[in-house]
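This report refers to the structure that appears directly beneath it.
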Amino acid sequence: DQQVKQNSPSLSVQEGRISILNCDYTNSMFDYFLWYKKYPAEGPTFLISISSIKDKNEDGRFTVFLNKSAKHLSLHIVPSQPGDSAVYFCAAGLEYGNKLVFGAGTILRVKS
Amino acid sequence: EAQVTQNPRYLITVTGKKLTVTCSQNMNHEYMSWYRQDPGLGLRQIYYSMNVEVTDKGDVPEGYKVSRKEKRNFPLILESPSPNQTSLYFCASSRFRSTDTQYFGPGTRLTVL
């Protein structure tokens, strides 16, 4: 039973356009959410996070939106660049907890 | 350079032959964790450690053991590997807890025949 779901296995976007990656969760206890990015043959790297007390967090070209009532979060990348091509993992947990649950990942391809 | 190192990077072994994957971090982090990555399943947490001598199960601990005798090291032990443990393994560390920024190692590709 996957508590964190990324229903789009892949996404293809033109350079300069917006990329929107989606994530749904089922456990209403989760109060902290993160996005990690992974390039081939490397470990994941942290991208951006959001606490459940917020509904938006922005860091440069990356913005994460949280809709608690829908148990849904999304990552927006504007503008998308070819170097953004990677696998993006959504993760959720308790802010002061010990475990982290990841989604299956979405492969983003940004075409130049 | 701040980093998490794992060894070996690649390993092919046979069913039942005990193996250890080492993990070391140089950031003085309290929290360390092991994950496995499988197609369609993403990253799943195997074990984590909050501090020296403090370890606990993640979501998929069966068939694995860990130890945390020193702050910097967190080895993953497969006492009797089976083919269903063929996977890509990542070690990670963070300052205090799972939701702090986790720094991941480069991964260990394990094949159990």
Side-chain angles (χ1 to χ4, degrees), chain A residues 1-10 21-27 29-54 57 59 64 66 73 86-107, chain B residues 2-7 9-10 21 23-25 27 29-51 54-61 66 68 74 87-109:
Chain A
D1 176 30
Q2 287 198 301
Q3 298 184 72
V4 177
K5 297 179 184 178
Q6 293 177 256
N7 291 320
S8 298
S10 65
L21 294 90
N22 293 303
C23 178
D24 297 295
Y25 61 97
T26 57
N27 189 339
M29 297 295 291
F30 289 150
D31 62 1
Y32 205 84
F33 306 89
L34 309 96
W35 286 91
Y36 280 83
K37 179 168 80 172
K38 184 183 178 306
Y39 293 118
E42 294 183 11
T45 55
F46 170 76
L47 189 57
I48 193 169
S49 62
I50 187 167
S51 164
S52 62
I53 62 173
K54 295 184 174 181
N57 189 27
D59 183 1
V64 57
L66 175 62
L73 61 155
V87 179
Y88 288 78
F89 291 102
C90 170
L94 301 179
E95 185 166 3
Y96 297 100
N98 304 323
K99 291 187 176 183
L100 201 60
V101 181
F102 283 81
T106 296
I107 300 170
Chain B
Q3 59 181 349
V4 177
T5 57
Q6 294 179 228
N7 282 293
R9 294 289 311 276
Y10 302 91
V21 184
C23 172
S24 184
Q25 51 95 3
M27 294 169 278
H29 284 168
E30 306 281 334
Y31 184 92
M32 296 186 75
S33 185
W34 276 102
Y35 299 90
R36 59 178 288 175
Q37 182 188 357
D38 301 289
L41 297 175
L43 292 158
R44 292 181 293 168
Q45 194 169 30
I46 303 170
Y47 268 94
Y48 62 89
S49 170
M50 300 298 291
N51 209 329
V54 181
T55 63
D56 207 348
K57 297 176 181 178
D59 290 328
V60 288
V66 293
R68 186 97 182 268
F74 190 45
S87 187
L88 179 58
Y89 291 85
F90 291 101
C91 179
S93 73
S94 67
R95 195 150 179 235
F96 293 117
R97 58 185 68 88
S98 63
T99 50
D100 291 334
T101 298
Q102 290 195 43
Y103 296 84
F104 284 79
T108 295
R109 174 73 67 182

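Letters A, B, ... mirror the listed sequences (proteins, then strands); counts begin at 1.
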Under 3.5 Å, side chain of Tyr35(B) to main-chain N/O of Phe102(A), donor-acceptor pair present? no

Check each atom of Ala41(A) against the heavy atoms of chain B and say whether the ones under 4.5 Å are side chain, backbone, both or neither. backbone

Can you see which heavy atom on Lys99(A) is nearest to which on Lys57(B), and at what distance? CE-O, 3.3 Å

In Å, rounded to the nearest 0.5 Å, how long is the span from OG1 of Thr99(B) to CG of Asp31(A)? 8.0 Å

When rounded to the nearest 0.5 angstrom, what distance separates CG in Asn98(A) from OG1 in Thr55(B)? 11.5 Å

What part of Gln2(A) gets within 4.5 angstrom of chain B, counting heavy atoms only: side chain, backbone, both, or neither? side chain

State, to 0.1 Å, how close Ser98(B) and Gly97(A) come at their nearest heavy-atom pair, and which atoms those are. OG-O, 3.4 Å

Whatever's closer than 4.5 Å to a heavy atom in chain B on Leu100(A) counts as both

Would you say Met29(A) has more than 12 foreign heavy atoms packed within less than 6.0 Å of its CE? no

Grab the two heavy atoms, one from Phe89(A) and one from Gln37(B), that are nearest each other, plus how far apart they are. CZ-NE2, 3.6 Å

Does atom CZ (Arg9(B)) have a neighbourhood of more than 12 heavy atoms from anything else shown, all under 6.0 Å? yes

Within a reach of under 6.0 Å around OH of Tyr96(A), are more than 12 heavy atoms found that belong to other residues, nucleotides or ligands? no

Please look at Arg109(B) and chain A and tell me whether the side chain, the backbone, both or neither of the residue comes under 4.5 angstrom of a heavy atom of that chain. neither

Identify the heavy atoms of Gly43(A) and Phe90(B) that sit nearest to each other, and give their distance. CA-CE2, 3.5 Å

Toward chain A, the part of Tyr31(B) with a non-hydrogen atom under 4.5 Å: side chain

How long is the gap from OG1 on Thr101(B) to CD1 on Ile48(A), to the nearest 0.5 Å? 11.0 Å

Do the side chains of Gln102(B) and Tyr36(A) get nearer than 4.5 Å, heavy atoms only? yes

Which atom of Gly40(B) lies closest to which atom of Ala104(A), heavy atoms considered: O-CB, 3.5 Å

Nearest-0.5 Å distance that lies between atom CG in Asp100(B) and atom OH in Tyr32(A): 7.5 Å

Mind checking the OH-CZ spacing from Tyr103(B) to Phe46(A)? Nearest 0.5 Å is all I need. 9.0 Å

